[in-house]
Amino acid sequence: MKVIFFGLGSIGKRHLMNLFAYGDEHSVNFDISAFTSSGNQEFPEIKYIEKKEQLDEHYDLAFITNPTFKHFETLELIGNKANFIFMEKPVFSKSIQLDSKLRSKKNIYVAAPLRYKKIMDVARKQITDIEVFSGRVICSTYLPDWRKNVDYRKNYSAFRDMGGGVELDCIHELDYVTNLFGFPSQVKKQFGKFSNLEIESNDLATYLLIYEDKILEVHLDYFGKKPKREFELFTELGIIKVDLLNNMISVNGVVIDQENEDSNEMYQRELCYFLEEVVANENNWNDLNHANEVLKIAEEI
């Protein structure tokens, strides 16, 4: 299977290593290339390409895992050369008006790893057929701790014009909320730079997602010294709390389930879904249209 990667930063490397492991486990031979201009050739088992002219005419799979501001031009470059595309969120630096060609594409899968956590499956079953009156969602992390041996002040996250900002980096919270509850009828949002982090982008984003029967609050920040990624739902049963970092769910303070799961497993399960459902069966439900609508909610206008 012929594969091309655009971008081998931290998330690109993760997908590459998981692809190697999947190939070994399932006896699948991946012929992998990477398009890069950095000159870094860390993986001797793959082919490196530095110019557009060196791209082949056809690939089975393409992984768009480069910085967000490069996604659209990369999609235009590889869109007609790849059978299936795995694209990282956010899809673009800004939402766009999708033309008929992009709206009709059925071969673009957009990353949504939090959906594949075991505890998310437990939560999804727990809230089925019960009334949810309101909810609070939080993702609080400390940007300087995100990437080892990388100066956070020089990374794309620090710059608005490169697709940085907590509203884009932590867009996965809005993705799983819309996956669980659908799209809200109204959104109110506020953004800003409030901490002493040396960045040009927003370090705080807050949202009110207003539905006919509930209101959900979403808080995203770059300055939380103690990481927190969780959501609380106020329901007819009481308070359901889902801790996504500790893989735990409780009802009214009583833990009802805790899953044993390392940080890479959700990415492995997502890759399996992409290869075994999207690619093998041409079953694509997480498409460009949905991701672009999530981006419309997330972005500062």
Would you call [X] and [Y] a side-chain contact if the rule is heavy atoms closer than 4.5 Å?
X	Y	answer
Glu88	Ile11	yes
Gln41	Thr36	no
Asn18	Tyr22	no
Leu19	Phe5	yes
Asp221	Asp203	no
Met87	Leu288	yes
Phe43	Tyr48	yes
Ile215	Leu209	no

How about [X]: does its [atom1] atom have over 12 heavy atoms from other parts shown lying under 6.0 Å from it?
X	atom1	result
Glu276	CD	yes
Glu76	CD	yes
Glu45	CD	yes

Show the nearest heavy-atom pair for residues [X] and [Y], with the distance to one decimal.
X	Y	result
Ala34	Ile46	CB-CD1, 3.8 Å
Ala111	Pro113	C-CD, 3.7 Å
Ser33	Ile49	CB-CD1, 4.0 Å
Ala112	Asp175	CB-OD2, 3.4 Å
Ser134	Leu216	C-CD2, 3.9 Å
Val110	Ala291	CG1-CB, 3.7 Å

Exercise. Do you know which of Ile138, Leu174, Val187 makes side-chain contact (heavy atoms from CB on, under 4.5 Å) with Val218?
Worked result: Leu174
N-O pairing of [X] and [Y] below 4.0 Å:
X	Y	answer
Lys117	Glu265	no
Glu173	Arg229	yes
Glu299	Lys94	no
Glu198	Arg153	yes
Glu73	Lys70	no
Glu270	Arg115	no
Arg136	Glu232	yes
Asp121	Lys118	no

Geometric cation-pi criterion [X] and [Y], 6.0 Å radius, 45° cone:
X	Y	answer
Arg14	Tyr267	yes
Lys225	Tyr142	yes
Lys81	Tyr59	no

Exercise. Checking salt bridge (Lys or Arg N to Asp or Glu O under 4.0 Å) for the pair Glu300/Lys189: CA distance, chi angles, key distance, verdict?
Worked result: CA-CA 8 Å; Glu300 182 176 15; Lys189 46 191 174 180; over 6 Å; no
Classify the ring geometry between [X] and [Y] as parallel (under 30°), tilted (30 to 60°) or perpendicular (over 60°).
X	Y	value
Tyr211	Phe181	perpendicular
Phe92	Phe72	perpendicular
His219	Phe223	perpendicular

Exercise. Does the side chain to side chain donor-acceptor pair (under 3.5 Å) test come out yes or no for Asn247 and Asn260, once each step is laid out?
Worked result: CA-CA 7 Å; Asn247 300 303; Asn260 182 20; over 6 Å; no
For this session: Please test Phe191 against Tyr207 for ring-ring contact (aromatic ring centres under 6.0 Å, His included), starting from the C-alpha separation and ending with a verdict.
Result: CA-CA 9 Å; Phe191 306 84; Tyr207 304 85; 5.8 Å; yes
To the nearest 0.5 Å, what is the distance between [atom1] ([X]) and [atom2] ([Y])?
X	Y	atom1	atom2	value
Thr235	Asn252	OG1	CG	7.5 Å
Glu57	Asn80	CD	CG	10.5 Å
Leu275	Asp60	CG	CG	11.0 Å
Asn202	Leu197	CG	CG	12.0 Å
Phe35	Ile4	CZ	CD1	8.0 Å
Ile240	Gln126	CD1	CD	5.0 Å

Problem set entry | Step-by-step side chain to side chain donor-acceptor pair (under 3.5 Å) determination, Glu261 to Tyr116 | CA-CA 11 Å; Glu261 180 178 30; Tyr116 295 87; over 6 Å; no
Please check this pair: side chain of [X] against backbone of [Y], looking for a donor-acceptor N/O pair closer than 3.5 Å.
X	Y	answer
Ser27	Gly23	no
Thr65	Phe6	yes
Tyr152	Asp145	no
Glu293	Asn289	no

Measure centre to centre between the rings of [X] and [Y], then say whether the value is under 6.0 Å.
X	Y	answer
His15	Phe274	no
Tyr176	Phe231	yes
Phe63	Phe84	no

For this session: Check step by step if side chain to side chain donor-acceptor pair (under 3.5 Å) holds for Ser157 and Asp169.
Result: CA-CA 7 Å; Ser157 292; Asp169 268 335; 2.6 Å; yes
If hydrophobic clusters are built from ILVMFWY residues whose side chains come within less than 4.5 Å, do [X] and [Y] share one?
X	Y	result
Val28	Leu61	yes
Val294	Ile210	no
Leu245	Met248	no
Ile64	Met17	yes
Val255	Ile119	no

Exercise. Can a donor-acceptor pair be found between the side chains of His58 and Asn83 at a distance below 3.5 Å?
Worked result: yes
Problem set entry | Verdict with supporting geometry, Asn246 and Gln258, side chain to side chain donor-acceptor pair (under 3.5 Å) | CA-CA 8 Å; Asn246 294 303; Gln258 183 166 17; 5.6 Å; no
